[in-house]
Amino acid sequence: MGTTTEELYEKSFGISREVTDFSRKVLKELADDFRRIDDDAEYNQACVVAAMQKEGVAEMHLSGTTGYGYNDEGRDTLERVYADIFHTEDALVRPQIVCGTQALNIALQANLRSGDEMLSPVGKPYDTMDEIIGLRPCPGSLADHGVTYEQVDLKEDGSFDYDGIREAIHPRTKLVEIQRSKGYSSRPSFTVQQVAELIRFIKSIRSDILCMVDNCYCEFVGREQIGDFGADMVVGSLIKNPGGGLSPCGGYIAGTKQCVEAASYQLYSPGLGREVGPTMDMNKLFYQGIFLAPVITAGALKGAVFAAKAYEKLGFSCFPASTESRADIVEAIELKSPEAMIAFCTAIQAAAPVDSMAAPEPWDMPGYDDPVIMAAGAFVQGSSIELSADGPIRPPYTVYLQGGLTWEHAKLGVLMSIQRLKDKGIIRL
Ligand SMILES: *Cc1c(COP(=O)(O)O)cnc(C)c1O
């Protein structure tokens with residue numbers, strides 16, 4: 001007789017029968033949710049393959065260029081594939097964009113000039129935007145270049161403050177940034193339909209205001225594309241969902257021809273623009289990554305739903321709740337104590353395929369007021385489509401869980417976290 005999965009869990013990872021029994025009960029309630037996630041993955045997989053076929057992706061596109069990168073057919077074809085997938089006129093997809101933060105900076109700097117104002121109608125944006133906007137002074141920030149910033153907070157219930165937004169828009173308002181995913185905040189993440197309504201409202205006030213959407217963590221969650229609803233730019237990171245776990249770096253800016261062209265001059269140089277940009281050995285990884293992305297994202301989503309359902313049963317508040325519809329792959333769990341946060345992150349690290357021996361500790365990260373704890377044992381440094389957990393150590397001690405290149409690995413991480421909290425006497429099953 002071979003070993004059962006339960007025996008293997010117990011022997012190799014210290015996960016007790018009590019925890020695997022509990023997990024079986026949790027999973028029984030998730031059949032419908034998992035089916036919906038699989039149906040969306042099937043739909044999105046078909047979209048990606050259709051786009052690749054439409055653009056005639058061929059073997060020669062899988063190799064790259066060096067130096068200036070002139071005539072890189074693989075790169076240019078991949079950008080058309082992205083534009084098809086995100087329902088935009090054009091796209092810039094480059095290994096020279098390191099991550100999402102840089103992609104956002106390029107999109108903003110390219111389309112804002114001295115005297116213009118940028119507006120965030122969804123409250124304070126992601127932490128790394130502070131220096132880009134100049135909320136924390138930094139050379140080269142938008143503030144440094146004479147671009148001002150205005151913000152309208154969400155209402156108490158997490159909805160858009162339409163009256164406040166109307167008042168905040170004036171003749172200098174040039175661009176509105178709409179961040180979909182919540183980041184390290186307690187607000188909800190926004191679905192395509194919610195953002196579509198917001199864009200419609202803004203364009204009804206002044207149709208020439210550029211609407212830029214921070215799409216980080218939201219790609220291939222659901223079926224709709226914000227490109228269909230008036231977004232001038234859609235921006236994201238290839239070390240999150242659309243990289244499919246294979247992209248070693250990269251970012252994308254999909255949008256109107258004019259906005260994407262401006263971004264290409266900002267990234268490289270006026271005059272050069274998108275004609276340059278060597279892809280070296282990246283083209284194959286970028287193609288294979290976007291090909292796998294719908295299914296990789298589905299695995300991460302199952303992990304998030306499983307964590308929500310399990311931790312709700314254990315008496316913790318989870319955002320989104322296990323029964324709510326989702327706009328991104330992030331699950332926020334209010335763990336109520338620093339000990340629980342550390343135990344949770346320690347377990348996620350111990351479940352990793354790489355660096356499982358490391359013990360995450362809270363540290364004072366630049367740009368954060370409270371110590372931050374991070375667990376990630378990833379193939380690609382900082383990749384958060386891989387199973388990872390993090391959060392600032394402050395009440396109500398919320399840990400943000402995301403990723404998992406496979407559902408099976410996300411599950412293993414969640415099981416180990418439950419076991420660890422149980423061993424520490426924080427929970428009882
Ligand atoms: C991750 C993230 C970013 C920044 O992306 P990096 O790749 O980490 O630089 C920006 N906005 C949101 C909402 C994010 O989740």
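Counting starts at 1 for both ligands and their atoms, following the listed order.
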Run through all N or O atoms in ligand 1 and write down each protein N or O closer than 3.5 Å, as a pair with its distance.
unit_1: ligand 1; atom_1: 7 (O); unit_2: Gly100; atom_2: N; d: 2.8
unit_1: ligand 1; atom_1: 7 (O); unit_2: Ser237; atom_2: OG; d: 3.3
unit_1: ligand 1; atom_1: 9 (O); unit_2: Gly100; atom_2: N; d: 3.4
unit_1: ligand 1; atom_1: 9 (O); unit_2: Thr101; atom_2: N; d: 2.9
unit_1: ligand 1; atom_1: 9 (O); unit_2: Thr101; atom_2: OG1; d: 2.6
unit_1: ligand 1; atom_1: 11 (N); unit_2: Asp214; atom_2: OD2; d: 2.6
unit_1: ligand 1; atom_1: 15 (O); unit_2: Lys240; atom_2: NZ; d: 2.9

Scan for ring pair (Phe, Tyr, Trp, His ring centres under 6.0 Å) pairs involving residues 195-251, sequence neighbours excluded, and state none if there are none. Tyr162-Phe201
Are any of the side-chain nitrogens in [X] or [Y] under 4.0 Å away from the carboxylate oxygens of its partner?
X: Asp33; Y: Arg36; value: yes
X: Asp40; Y: Arg326; value: no
X: Lys302; Y: Asp38; value: yes

Donor-acceptor side-chain pairing of Gln402 and Tyr400 below 3.5 angstrom: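 Not at all, the side chains of Gln402 and Tyr400 share no donor-acceptor pair under 3.5 Å.
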For Phe291 together with Tyr287, are the ring centres under 6.0 Å from each other?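 That pair fails the under 6.0 Å test.
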